[in-house]
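Just so it is clear, the model here is predicted, and its values are computed rather than measured. Atoms considered below: every heavy atom in the structure, side chains included; atoms not considered: hydrogens, waters and symmetry mates. The residues of the chain are indexed from 1 along the displayed sequence.
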Amino acid sequence: QVQLVESGGGLVQAGGSLRLSCAASGRTFAGMGWFRQAPGKEREFVAAISWSGASTLYGDSVKGRFTISRDTAENTMVLQMNRLKPEDTAVYYCAGNPRKLPTAVAAADYWGQGTQVTVSS
């Protein structure tokens with residue numbers, strides 16, 4: 001059974017940091033990534049990373065503030081979020097694709113349940 005489990009969400013003040021983790025089990029993924037969804041908004045691409053970690057992509061709204069990384073041996077992925085803003089408030093979802101980087105919702109074949117990130121002003 002394939003599972004993706006997020007952890008690390010919580011409440012933080014603007015300018016602070018959070019570290020999200022995603023643990024995958026049941027299979028490996030050529031590409032993994034993070035998406036987020038705020039109330040009333042569509043699910044948004046945040047970042048993605050390849051199997052080796054050599055290729056990374058970031059959404060424009062988070063580039064320069066967030067860093068994605070991956071530990072292939074542990075089959076885990078991390079999103080380090082710095083200089084958080086209130087507009088970063090959303091449910092963050094871990095996603096996986098067995099063949100490619102998931103850079104759009106339609107390209108994410110597997111999803112975690114999500115973890116809430118709330119940034120106060």
Side-chain angles (χ1 to χ4, degrees):
Q1 184 173 354
V2 177
Q3 283 190 309
L4 296 170
V5 181
E6 303 95 336
S7 62
L11 175 64
V12 66
Q13 289 185 317
S17 298
L18 282 175
R19 183 178 184 270
L20 304 184
S21 295
C22 175
S25 62
R27 69 162 302 142
T28 58
F29 299 95
M32 297 184 70
W34 293 94
F35 292 77
R36 66 187 184 185
Q37 188 165 24
K41 295 185 177 180
E42 61 189 48
R43 192 164 295 189
E44 175 190 22
F45 170 73
V46 175
I49 188 167
S50 64
W51 170 262
S52 67
S55 298
T56 58
L57 292 172
Y58 295 92
D60 289 340
S61 63
V62 306
K63 191 171 185 178
R65 299 187 298 119
F66 293 9
T67 302
I68 190 170
S69 61
R70 186 172 183 176
D71 186 334
T72 303
E74 298 290 336
N75 205 10
T76 59
M77 177 180 63
V78 168
L79 183 69
Q80 178 65 47
M81 305 185 295
N82 298 322
R83 291 178 283 135
L84 284 161
K85 305 175 181 179
E87 52 262 46
D88 294 319
T89 296
V91 177
Y92 283 70
Y93 296 92
C94 176
N97 186 297
R99 299 185 299 106
K100 62 186 292 185
L101 270 66
T103 57
V105 170
D109 293 331
Y110 298 90
W111 295 94
Q113 292 297 310
T115 185
Q116 177 71 48
V117 172
T118 303
V119 184
S120 64
S121 59

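- Linking ILVMFWY residues whenever their side-chain heavy atoms come closer than 4.5 Å, directly or via other members, leaves Tyr93 and Leu18 in distinct clusters.
- Of all non-hydrogen atoms in Ala107 and Pro102, the two that sit nearest each other are O-CB, 3.6 Å.
- Here the closest non-hydrogen pair linking Ala30 and Arg70 is O-NH1, 3.7 Å.
- The aromatic rings of Phe66 and Tyr92 lie tilted to each other, with the angle between the two planes from 30° to 60°.
- Qualifying side-chain hydrogen bond (donor to acceptor under 3.5 Å, both in side chains) partners for Glu87, counting only residues two or more places apart in sequence or in other chains: none.
- Distance OG1/Thr67 to CD/Gln80: 7.0 Å, rounded to 0.5 Å.
- With sequence neighbours excluded, the residues satisfying salt bridge (charged side-chain N to carboxylate O under 4.0 Å, His left out) with Arg65 are Asp88.
- The side-chain heavy atoms of Val117 and Arg36, taken from C-beta on, include no pair separated by under 4.5 Å.
- How far OG1 of Thr115 is from CG of Leu79: 11.0 Å, rounded to the nearest 0.5 Å.
- Residues Ser17 and Asn82 share a closest heavy-atom pair of OG-OD1, 2.9 Å.
- With rounding to the nearest 0.5 Å, the separation of CG in Asn97 from CE in Met32 is 11.0 Å.
- Counting heavy atoms from C-beta on, the side chains of Pro98 and Asp109 come closer than 4.5 Å.
- No single ILVMFWY cluster, assembled from side-chain heavy atoms under 4.5 Å apart, contains both Leu20 and Phe45.
- At a threshold of 4.5 Å between side-chain heavy atoms, the hydrophobic network of Ile, Leu, Val, Met, Phe, Trp and Tyr places Trp34 and Val2 in one connected group.
- In the hydrophobic cluster analysis, where Ile, Leu, Val, Met, Phe, Trp and Tyr join through side-chain heavy atoms closer than 4.5 angstrom, Leu57 is grouped together with Val105.
- In this structure, Leu4 and Ala24 approach most closely via the heavy-atom pair CD2-CB, 3.4 Å.
- For Ser120, there are no side-chain hydrogen bond (donor to acceptor under 3.5 Å, both in side chains) partners, not counting sequence neighbours.
- Note that the CD atom of Gln113 and the SG atom of Cys94 stand 11.5 Å from one another [nearest 0.5 Å].
- Of the possible donor and acceptor atoms, one in the side chain of Thr89 sits under 3.5 Å from a partner among the backbone N and O of Val119.
- When all heavy atoms of Ala90 and Ala38 are compared, the closest pair comes out as CB-N, 3.9 Å.
- Rounded to the nearest 0.5 angstrom, Met81 CE and Arg19 CZ are separated by 11.0 Å.
- You'll find the side chain of Leu84 stays beyond 4.5 Å of the side chain of Gln13, heavy atoms only.
- Residues Met77 and Ile68 meet the side-chain proximity criterion, which asks for heavy atoms closer than 4.5 Å.
- Taking CG of Leu101 as the reference point, atom CH2 of Trp51 lies at 13.5 Å (rounded to 0.5 Å).
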